[in-house]
Amino acid sequence: MADPRLFPSGSNSSGDASGPGRRKYNPYHDLSTPYSYQTLYDLPTSPEFLFQEESAAQRRSWGENLTYYTGVGYLSGAVAGAALGLRDAAAGAEPGDTAKIRANRVLNSCGGGGRRLGNRLGVIGLMYAGMESAMVAARDRDDWVNSVAAGLGTGALFRAANGPRSAAVAGAIGGVLAGAAMAGKQLAKRYVPAI
Amino acid sequence: VQIQSNPNLFRIQSQVPSSSTRRSRCSISVLLLYQSCSASQAQLSLLRAPIMASPSPPRPDERDTDLPLPSPPRKPYPGFILDDAGGGFLIGGGVGSAYHAARGLLGSSSGHRLAGAARAVRANAPRISATWAARCGLYGAFKCALSLPRATDGDPVVSVLAAGAAGAAHCLRRGPLAVGRGALVGAASMAVIERADAALDNLRSWVHYHRRLVPEEDIDGGGGSDPKPDDEPPIGFLGVPPKPVVVEEVPAG
């Protein structure tokens with residue numbers, strides 16, 4: 001091991017004149033700088049990617065987030081609304097109906113209920129995705145705080161027209177549901193085995 | 001006549017900027033082998049990060065290659081059905097709201113324009129967004145069904161057939177003539193959209209390729225004892241095949 005004092009840190013000052021903001025690589029430069037043990041072992045815990053697009057692909061962009069959550073909300077609402085409409089059609093059946101009238105009633109009830117509930121849940125998904133992407137962009141972090149804040153904002157905004165008390169209750173419900181969904185997702189990732 | 005639009009065409013994707021600087025604690029020497037389109041010989045590039053230097057130099061924004069960056073792969077089955085339904089809901093709601101707001105503004109009498117626009121949007125936006133979400137969801141489902149036997153993703157024939165099937169399914173309650181008309185309109189619209197998408201992709205590749213042809217100015221400036229990155233490595237360097245020896249033939253006599 002060479003003596004660090006043989007190569008002082010100012011020895012490459014003449015080489016720095018080659019360009020502004022650019023210096024030649026000196027392998028002995030860091031040996032003369034005193035380091036503490038905490039600095040030596042302070043390693044980042046996030047994965048290091050070689051290319052920028054690899055790090056960008058680890059999560060959805062804001063556009064993909066918007067379409068995905070809106071689609072999840074609309075389709076789940078449409079299926080649930082269709083099921084409720086089917087129940088209403090079965091309850092509203094009368095003796096003596098022909099097959100055509102019965103089919104027409106079923107289609108009308110399922111379509112109307114599916115559209116109504118699908119629209120509502122689609123709008124909720126749209127607001128949630130927009131707020132979550134905004135939180136990620138503002139805080140530059142991706143954790144459970146973003147989801148809970150997005151749930152709170154979504155619930156409050158969804159019931160804002162009904163008055164402040166209803167908005168507060170809806171916001172609380174939204175935050176609790178978002179937190180429960182995040183906790184459920186973490187538990188599923190940890191304990192449910194991959195098929 | 002409602003023209004069905006491809007939701008992926010209007011999707012705006014931007015990356016979330018990450019301003020966190022990561023510190024690398026080890027020396028990284030990476031050999032990158034890539035091929036250029038014009039010359040088929042392999043070129044070598046060395047990336048070296050300084051030891052224990054913080055902050056580390058920024059990573060390259062784009063991969064250093066002549067080919068344009070490939071578009072990110074689509075969602076696996078059946079995830080893109082949700083994505084298509086969401087896209088249809090967003091585009092239908094957005095375009096429908098704008099159209100009916102303008103129509104309410106222009107159609108109402110003076111003094112009632114804003115109220116008329118709001119009333120028109122509230123009356124018509126849910127219907128249009130639900131219709132477009134249903135159509136695009138059906139399109140995604142049919143595309144998923146038609147892609148399974150062919151085992152290909154992004155096939156324009158599958159896309160056109162799926163759009164025709166979605167249009168037909170959407171008009172089932174209006175009779176067989178409406179079913180045929182809906183299928184034709186859906187297939188024709190998707191054919192036009194696929195052709196436009198292919199043209200945009202070709203234009204993007206053309207722009208990217210012609211931008212690469214412009215020679216880059218020298219970053220190091222004049223002189224300096226630093227070896228330039230495009231200097232050819234010596235013969236026999238590891239990973240690079242040796243050059244063929246060129247012998248000039250001297251004519252005899």
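Naming: A, B, ... by sequence-line order, numbering from 1 per chain. Treat the numbers as computed from the prediction; the structure is a model and nothing was measured.
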### Query
With side chains defined as the heavy atoms from C-beta onward, is the minimum distance between A/Thr67 and B/Leu82 less than 4.5 Å?
no
### Task
Flag the pair A/Val123 / B/Phe89 as yes when at least one side-chain heavy-atom distance between them is below 4.5 Å, and no otherwise.
yes
### Task
Compare every heavy atom of A/Tyr74 with every heavy atom of B/Ala130, then report the nearest pair and how far apart it is.
O-OH, 3.2 Å
### Task
Tell me, out of B/Ala133, B/Gly86, B/Gly137, who's got the most heavy-atom pairs with chain A below 4.5 Å.
B/Gly86
State whether the number of non-hydrogen atoms from other residues, nucleotides or ligands found under 6.0 Å of [X] atom [atom1] is greater than 12.
{"X": "A/Arg120", "atom1": "CZ", "result": "no"}
{"X": "B/Leu172", "atom1": "CG", "result": "yes"}
{"X": "B/Leu203", "atom1": "CG", "result": "yes"}

### Summary
Bottom line for B/Ala134: the part with an atom under 4.5 Å from chain A's heavy atoms is both
### Query
How would you list, in number order, the residues of residues 77-90 of chain A that have a heavy atom less than 4.5 Å from chain B?
none
### Query
Does any donor atom in the side chain of B/Arg127 or A/Asn119 lie under 3.5 Å from an acceptor atom in the other side chain?
no
